[in-house]
Amino acid sequence: MGLQRYFLNTDSDFLYVVVHEPQSDVCGNIVFCNPIFEERKSSHRTMVETALFLSEKGYRVLRFDYRGCGDSSGYFEDFSINHWLKDIEAVLTRVRSSNRDVPTGLLGLRFGATLALQSAVLNNADYVILWEPVVNGMKYIQEELKRTQVKEMMTWGQSVTTRENMLSQIQTEGHFDLSGYNLSRQLFDDLCRMSLQEFIARFDGNLLLISISPLKSFESRYPELSAIFNEKKNFYIKECVLPPFWNLIGYVDCSRIIHETASWLEVINRKRICTE
Amino acid sequence: MPDDIENRLKKLIVERLFLNIPPEQIENDKSLTATYGIDSVSLLELVVGMEEEFGISVADTDFRISNFDTVSALADFVRKRLEKSA
């Protein structure tokens with residue numbers, strides 16, 4: 001396997017892109033979409049391990065940082081969902097231009113999964129893999145706020161940040177420090193509107209959703225989405241009982257979700273070859 | 001059962017936080033952080049888990065260590081929230 005790194009120009013900025021090239025013939029291209037906030041850091045190792053595993057199986061995997069994140073240019077507060085959708089599109093365009101003969105799909109985790117689905121609809125991706133996607137953007141912000149409140153409680157005995165603080169600061173100053181990330185008003189508004197349900201019904205390709213939860217099934221957590229999965233024959237859900245590795249500092253063995261993903265890719269690849 | 005909430009909480013703590021001990025070994029009045037190694041990341045999971053399990057909402061003013069320090073404290077907190085919503 002080869003590893004390439006480059007900077008991809010987009011508007012007046014650049015994206016840091018890492019490409020995992022397989023040694024064998026390429027059977028597909030996969031663009032990874034990272035989570036944001038602290039979840040990006042905690043999940044980094046798993047995303048790299050997944051890229052290595054899939055490239056061994058013959059997939060060209062592209063990992064990249066959105067603008068304002070990681071090693072790409074810009075500041076977090078200057079970008080929002082539309083910018084990051086353009087970033088994904090730029091990476092998809094680049095990989096498709098180098099190899100048009102194989103299917104191209106997206107794999108995303110948490111916020112990255114929801115973004116991957118939107119991009120898959122907008123850019124006609126052949127398939128999309130969603131690892132524990134953010135279903136409701138508003139609820140997601142509230143959970144991020146709770147992360148700040150728990151940290152404050154552990155440090156000072158009680159939390160000082162409230163939802164009212166956050167909303168009023170967003171309104172008056174146009175930004176809010178959310179767990180060390182400068183959340184802009186634009187990103188806040190975009191996240192509040194973000195809904196997986198809106199895009200899931202619009203996707204016509206193959207879709208795998210891996211539900212990663214210690215206790216409850218995806219269906220019981222999100223009954224409103226179950227009907228869509230029942231209707232669409234090319235949509236699949238796999239349940240994995242695992243700790244939320246995107247929230248944890250220590251190592252979590254994620255080989256099960258990596259193998260589930262690879263097996264599903266193999267099945268849809270075989271189906272594609274049979275129909276060609 | 002008067003201690004049903006305590007037992008549900010212990011089960012939730014073990015399953016949600018992947019602790020390698022049986023739920024019944026968690027003592028009601030032992031500190032969750034000092035005795036069972038629960039950190040801020042785990043506590044966030046616990047908060048989300050409690051909201052799902054008991055159908056309650058943890059408000060901004062509830063984030064006090066006295067509400068989360070032990071199973072007994074958590075159970076008292078859950079009971080108050082359930083009474084409020086009844």
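Atom set for the values below is all heavy atoms of this structure, side chains included, hydrogens, waters and symmetry mates excluded. This structure is a prediction, so every number in the text was calculated from the model and none was measured. Per chain, numbering begins at 1; letters A, B, ... match sequence-line order.
Heavy-atom contacts from other residues, nucleotides or ligands closer than 6.0 Å to NZ of A:Lys57 number 12 or fewer. Heavy atoms from other residues, nucleotides or ligands lying under 6.0 Å from CD of A:Glu164 number 12 at most. Around atom NE2 of A:His44, no more than 12 heavy atoms belonging to other residues, nucleotides or ligands sit under 6.0 Å away. Within a 6.0 Å radius of CD in A:Glu49, other residues, nucleotides and ligands contribute more than 12 heavy atoms.
Atom OG in B:Ser42 sits 7.0 Å away from atom CG in A:Leu248 (nearest 0.5 Å). Put simply, CD on B:Glu45 and CZ on A:Arg147 are 9.0 Å apart, with the number rounded to the nearest 0.5 Å. A distance of 8.0 Å separates CD of B:Glu51 from NZ of A:Lys139, quoted to the nearest 0.5 Å. One distance of note links CE of A:Met166 with CG of B:Asp60; it measures 9.0 Å at 0.5 Å rounding.
Looking at A:Glu143, the atoms closer than 4.5 Å to chain B (heavy atoms on both sides) sit in the backbone and in the side chain alike. When heavy atoms are compared at a cutoff of 4.5 Å, B:Leu46 does not approach chain A at all. For A:Pro243, the parts lying near chain B are the backbone and the side chain together; criterion is any non-hydrogen pair under 4.5 Å. Residue B:Asp69: no heavy atom, backbone or side chain, is found under 4.5 Å from chain A.
Most heavy-atom pairs under 4.5 Å with chain A, from the set B:Thr61, B:Val58, B:Leu43: that is B:Leu43. The residue among A:Glu152, A:Arg163, A:Arg221, A:Lys151 with the most heavy atom pairs within less than 4.5 Å of chain B is A:Arg163.
Scanning all heavy atoms of the two residues, the minimum distance from A:Leu242 to B:Phe18 falls at C-CZ, 3.4 Å. When all heavy atoms of B:Ser40 and A:Val150 are compared, the pair lying nearest together is O-CG1, 3.3 Å. Here the closest heavy-atom approach between residue B:Phe63 and residue A:Met153 is recorded as C-SD, 3.4 Å.
Proximity of A:Met154 to B:Thr33: side-chain heavy atoms (C-beta onward) are separated by under 4.5 Å at one or more points.
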